[in-house]
J.: 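The following block contains the structure, expressed as structure tokens.
Just so it is clear, the structure is predicted and the values come from calculations on it, not from any experiment.
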Amino acid sequence: MALQGITRAMTFASRNLAKLEFLIIPLALFAKFLIAAYAIQRGLYNQQDWHVHGGLIHDFKSWSVEHINPPLLYFFANKLLRLSLTKPYALEIASYVLVLLNIAATWVFYQRIVRVYLTRSSLRISCMLLLILLPVFSLHQTMLNPDALTVPVFIGMVLAIHALVQNGPTTIRELVKYTLLALAAVLSKYTLITSVMAGGVAIIWTAWRKSWNKWPIAAWVLGGIVLPGMIFSIIIWSSSQRNGYTTHRHFFEQDPPAGMNIPFQHLFIPRPLDREIFAAPRGCPGGGPLTKPDSHSYIALLHYSAFSDLYDTFWPGNHQCSEEPRTENRRRIMALSIGLGLLFSLFAIAGTLYFSFSLGRTGRYLKNEISIQELLALFSLAYFLLIALNLPRVPLAVQSHYWHGRLVMPALFSFFALGFFYLDKILAFDANSSLDRSKEMAVKNCVSGILLGLSLVLAVSNVLIFTVES
């Protein structure tokens, strides 16, 4: 009787959650916009390497292949500065455009992927609350730099390739759309070349499996792989000839690095001092244990940056990273987010590994189409590993915060989503289970309800990180 009552209550809650879902997700997106607007109105878009990005925006004509990023964002923001109508507020307008672009991309991700492929409404709400209000994503979309373009382009390319896998090379319009996305990728952030490469793998694999005619194959290979690949290769080659920042700091090792402080063996294996991140220490120079070279693993630092405001960016007067101690209230809120977030980080790791192995099985036996989860794993791992595996070759990687989550934001976004897809698979009803169906339903509904409760607490905590000043 008790189990029947629990099952009925959970079923009732599930039906109401499905109705509330269409209210909760837009409200979360609106909260995300208000957080960004709060930051932009206080001029906090000029953070994190603004001495580089600000100069290129104001003097775009000086951009060359020697610089660290491609020109798309600098060109757009500079045009706003040159128009008399938008000149007084050009930087604010550019920041709002980036915020709205990221919000729109998140909404499309929800409509086209989460809502379609996650079966439980509780998990859909939990997933989107985490993705929308993740602290590093709020910072990522607000800062006026090319990193803010990566998530929209990444999501667009994944969806375009998924449509190609499902429907084949149906129209020229689809080819043109994907080609423009691939070009936007190489012109907005160099690391997005991994998405072009991942898309190329999916195009070739799908064409081979479905025996496309030669002309569609040639068109998609030319537009989706060769053209953006040529542009990227020309830029990288030119940079290497001029000792440019990108090739001589991130990709090619010319001289031994001055501070090889994240060895390969410390990238993904937890270390004893990793426990210090749960106290939410200050991440600025002089601000605590995070400044000690060679003392933390990369995955721990990445988790810390994902669930906190690392630089106390929204703290009054902290336009630059100061050495003042973090207020106790803010530290406690961040510690709560970092602690609760650990569960979701573990799910993200498990989901990414599961769907990566699933992708390997699909490719090996050529039996099934690549699923959307496998595409997310392919694209996100390509993006993530390019950054992570190069960290041991980056001088002073810890002190310069090359482990910050904004540098791998598209991958983090996908990893957390894959964690929820994995949970959805675990909580699916098993026809071969030895448990009574009502008992199984009650247990799994309870688990999903607990996860939803934790997600709501984490969402509130993530909002407070950016609104509590003292």
Side-chain angles (χ1 to χ4, degrees), residues 48-49 52-53 55-57 59-78 145-154 156-158 161 178-204 220-258 260 262 264 378-397 400 402-404 406-411:
Q48 301 180 19
D49 302 325
V52 175
H53 306 302
L56 291 173
I57 288 172
D59 190 21
F60 176 73
K61 62 180 181 294
S62 67
W63 183 89
S64 74
V65 295
E66 298 174 23
H67 291 301
I68 188 171
N69 288 305
L72 188 60
L73 175 71
Y74 306 133
F75 172 79
F76 167 68
N78 182 265
N145 64 57
D147 289 316
L149 289 169
T150 54
V151 170
V153 175
F154 181 92
M157 293 185 71
V158 170
I161 289 295
Y178 182 75
T179 301
L180 291 176
L181 281 168
L183 292 174
V186 297
L187 293 175
S188 57
K189 188 74 177 177
Y190 290 131
T191 46
L192 280 169
I193 189 61
T194 57
S195 297
V196 176
M197 296 166 64
V201 170
I203 290 170
I204 293 171
W220 276 87
V221 168
L222 178 63
I225 305 173
V226 175
L227 184 58
M230 284 179 60
I231 294 174
F232 177 80
S233 299
I234 290 170
I235 293 175
I236 293 299
W237 180 83
S238 300
S239 176
S240 68
Q241 296 301 300
R242 303 183 191 182
N243 295 330
Y245 187 93
T246 297
T247 50
H248 287 72
R249 182 71 176 268
H250 292 304
F251 294 110
F252 306 131
E253 184 176 340
Q254 300 295 329
D255 299 310
M260 191 178 288
I262 305 184
F264 279 108
L378 174 64
F379 275 72
S380 58
L381 278 176
Y383 196 100
F384 176 74
L385 292 177
L386 175 66
I387 301 291
L389 296 181
N390 273 286
L391 284 176
R393 293 165 47 190
V394 177
L396 303 175
S400 301
Y402 278 90
W403 44 267
H404 197 284
R406 71 181 176 88
L407 298 179
V408 291
M409 192 61 232

J.: Within this structure, what is the CG-CG distance for the pair L391 and L386, rounded to the nearest 0.5 Å?
T.: 10.0 Å
J.: Shortest non-hydrogen contact from F264 to L389?
T.: CE2-O, 3.3 Å
J.: Return the minimal non-hydrogen interatomic distance between N78 and I57, and the atom names on each side.
T.: ND2-O, 2.7 Å
J.: Nearest heavy-atom pair of P228 and L222: which atoms, and what distance?
T.: CD-O, 4.4 Å
J.: Considering non-hydrogen atoms only, spot the tightest contact between L407 and I387 and give its length.
T.: O-CG1, 4.1 Å
J.: Nearest heavy-atom pair of F154 and S380: which atoms, and what distance?
T.: CZ-N, 3.8 Å
J.: Will you find, in the side chains of S195 and Y383, an N or O donor that is under 3.5 Å from an N or O acceptor?
T.: no
J.: Output the distance between atom CG (L227) and atom CG (L183), rounded to the nearest 0.5 Å.
T.: 5.0 Å
J.: Could you tell me which non-hydrogen atom of L149 sits nearest to which non-hydrogen atom of S188, and how far apart they are?
T.: CD1-CB, 3.6 Å
J.: Kindly state each residue pair satisfying salt bridge (charged side-chain N to carboxylate O under 4.0 Å, His left out) with at least one member in residues 222-240, sequence neighbours excluded.
T.: none
J.: Hey, what do you get for CD1 (I225) to OG1 (T179), rounding to the nearest 0.5 Å?
T.: 10.5 Å
J.: My understanding is that only residues two or more places apart in sequence, or in another chain, count here; which of them pass ring pair (Phe, Tyr, Trp, His ring centres under 6.0 Å) with Y178?
T.: W220
J.: Evaluate the criterion side-chain contact (heavy atoms from CB on, under 4.5 Å) for residue pair L72 and F76; output intermediate values, then yes/no.
T.: CA-CA 6 Å; L72 188 60; F76 167 68; 6.0 Å; no
J.: Taking atom CZ of R406 and atom CG of D147, what is their separation to the nearest 0.5 Å?
T.: 5.0 Å
J.: Is there a side-chain contact between L192 and M157 in this structure, where contact means two heavy atoms from C-beta onward sitting under 4.5 Å apart?
T.: no
J.: With side chains defined as the heavy atoms from C-beta onward, is the minimum distance between I161 and L378 less than 4.5 Å?
T.: no
J.: F75: which residues meet the ring pair (Phe, Tyr, Trp, His ring centres under 6.0 Å) condition with it, sequence neighbours left out?
T.: F60
